[in-house]
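Supplied in structure tokens, the structure appears directly below.
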Amino acid sequence: MSPIVSIIMGSTSDLPVMEKAAQLLNDLHVPFEMNALSAHRTPEAVEEFAKNARSRGIKVIIAAAGMAAHLAGAIAANTTLPVIGIPCKGPCLDGIDALLSTVMMPSGIPVATVAVNGGVNAALLSAQILAVEDAELAAKLDARRAADAAKVLEKDAALQAELNG
Ligand code: RP5
């Protein structure tokens with residue numbers, strides 16, 4: 001199937017975070033593509049990627065970068081597809097650098113920023129956007145939440161059993 005979500009990262013060094021997003025989209029059977037292009041090192045390629053994404057059938061873009069993380073913003077500047085930004089934790093500043101660079105977009109060019117290294121939530125948010133028009137995907141997301149809630153309740157029950165004998 002042709003990809004409808006595009007995962008893009010500033011460097012292959014961001015791959016560990018993006019693999020979590022990829023795994024989740026695989027689990028949900030959402031077709032995706034994955035690329036590594038840099039807003040700073042390959043600006044023309046990023047512009048071309050963003051400008052062509054809609055005509056290639058992409059519906060949501062997940063963009064991850066670390067340090068002076070301008071990738072999500074640079075992509076959002078060149079498309080009106082929804083762009084989800086993931087700030088990646090770099091070698092210093094604990095990801096605050098990437099968080100602020102990704103989230104503090106000027107009015108008019110939105111980037112939906114998830115938590116630092118938030119690959120799972122980025123993938124879930126992309127699926128939720130797609131699920132607005134896809135009842136089958138919405139049902140899968142509901143089932144996933146129910147399963148997650150059941151795990152929490154199971155762990156709480158085990159904790160109570162341990163505490164109360
Ligand atoms: C950013 O700079 C990338 O997204 C990466 O998080 C960071 C470091 O890149 P490398 O020097 O590891 O390629 O653009």
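Everything numeric here is computed off the predicted structure, so don't read it as measured data.
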*What distance separates D27 CG from R144 CZ, expressed to the nearest 0.5 Å?*
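It is 7.0 Å, given to the nearest 0.5 Å.
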Atom pairs and distances, donor-acceptor, side-chain atoms in residues 95-106, under 3.5 Å, two or more places apart:
unit_1 : atom_1 : unit_2 : atom_2 : d
S101   : OG     : D97    : O      : 2.8
T102   : OG1    : A98    : O      : 2.7

*What is the distance from atom OG1 of T113 to atom CG of N121, rounded to the nearest 0.5 Å?*
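Reported value, rounded in 0.5 Å steps: 12.5 Å.
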*Should I61 and I4 be counted in the same cluster of Ile, Leu, Val, Met, Phe, Trp and Tyr side chains packed under 4.5 Å apart?*
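Different clusters: I61 never reaches I4 through Ile, Leu, Val, Met, Phe, Trp or Tyr contacts under 4.5 Å.
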*Report the C-alpha distance between F32 and N26 in whole Å, list the side-chain angles of each, state the deciding distance to 0.1 Å, and finish with yes or no for side-chain contact (heavy atoms from CB on, under 4.5 Å).*
CA-CA 8 Å; F32 64 92; N26 262 330; 3.7 Å; yes
_For the CD atom on Q160, are there more than 12 heavy atoms of other groups (residues, nucleotides or ligands in this structure) within a distance under 6.0 Å?_
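It does: Q160 CD has more than 12 such atoms within range.
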*How many angstroms lie between OG in S11 and CE in M67, if you round to the nearest 0.5 Å?*
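CE of M67 is found 10.5 Å from OG of S11.
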*Rounded to the nearest 0.5 Å, how far apart are CE of M34 and CG of L15?*
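That separation rounds to 5.5 Å.
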_Would the distance check show the side chain of N52 and the main-chain N or O of E48 forming a donor-acceptor pair, the cut-off being under 3.5 Å?_
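It does hold such a pair.
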Result block: side-chain N/O donor-acceptor pairs under 3.5 angstrom for residues 126-141, not counting sequence neighbours:
unit_1 : atom_1 : unit_2 : atom_2 : d
S126   : OG     : A123   : O      : 2.7
Q128   : OE1    : R145   : NH2    : 3.3
D134   : OD1    : E136   : N      : 3.2
D134   : OD1    : L137   : N      : 3.0
K140   : NZ     : L28    : O      : 3.0

*Any side-chain heavy-atom pair of I58 and P3 under 4.5 Å*: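 Yes, their side chains come closer than 4.5 Å.
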Which side-chain N or O atoms in residues 69-88 pair as donor and acceptor under 3.5 Å with protein atoms at least two apart or in another chain?
unit_1 : atom_1 : unit_2 : atom_2 : d
H70    : ND1    : H40    : NE2    : 2.8
N78    : ND2    : A74    : O      : 3.0
T79    : OG1    : L81    : N      : 3.1
T80    : OG1    : R54    : NH2    : 2.9

_To the closest 0.5 Å, what do you measure between CE (M18) and CG (N117)?_
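M18 CE to N117 CG: 10.5 Å, rounded to 0.5 Å.
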*Tell me, do I62 and V114 make a side-chain contact under 4.5 Å, heavy atoms counted?*
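Not touching, per the 4.5 Å side-chain cut-off.
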*Taking D14 for the side chain and M9 for the main chain, is one N or O donor matched with an acceptor at less than 3.5 Å?*
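Looks like no, no N/O pair under 3.5 Å.
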*asked:* Set out, in order, the CA-CA distance, both residues' side-chain angles and the distance that settles side-chain contact (heavy atoms from CB on, under 4.5 Å) for I7 and N35, then state yes or no.
replied: CA-CA 6 Å; I7 293 177; N35 288 285; over 6 Å; no
*Can you find a heavy atom in the side chain of R56 that is under 4.5 Å from one in the side chain of F49?*
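A side-chain contact under 4.5 Å exists here.
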*asked:* If hydrophobic clusters are built from ILVMFWY residues whose side chains come within less than 4.5 Å, do V5 and V17 share one?
replied: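 Yes; tracing contacts between hydrophobic side chains, which count when under 4.5 Å, links both residues.
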*Single-linkage hydrophobic cluster V120~V60, side-chain heavy atoms < 4.5 angstrom*: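 Linked within one cluster.
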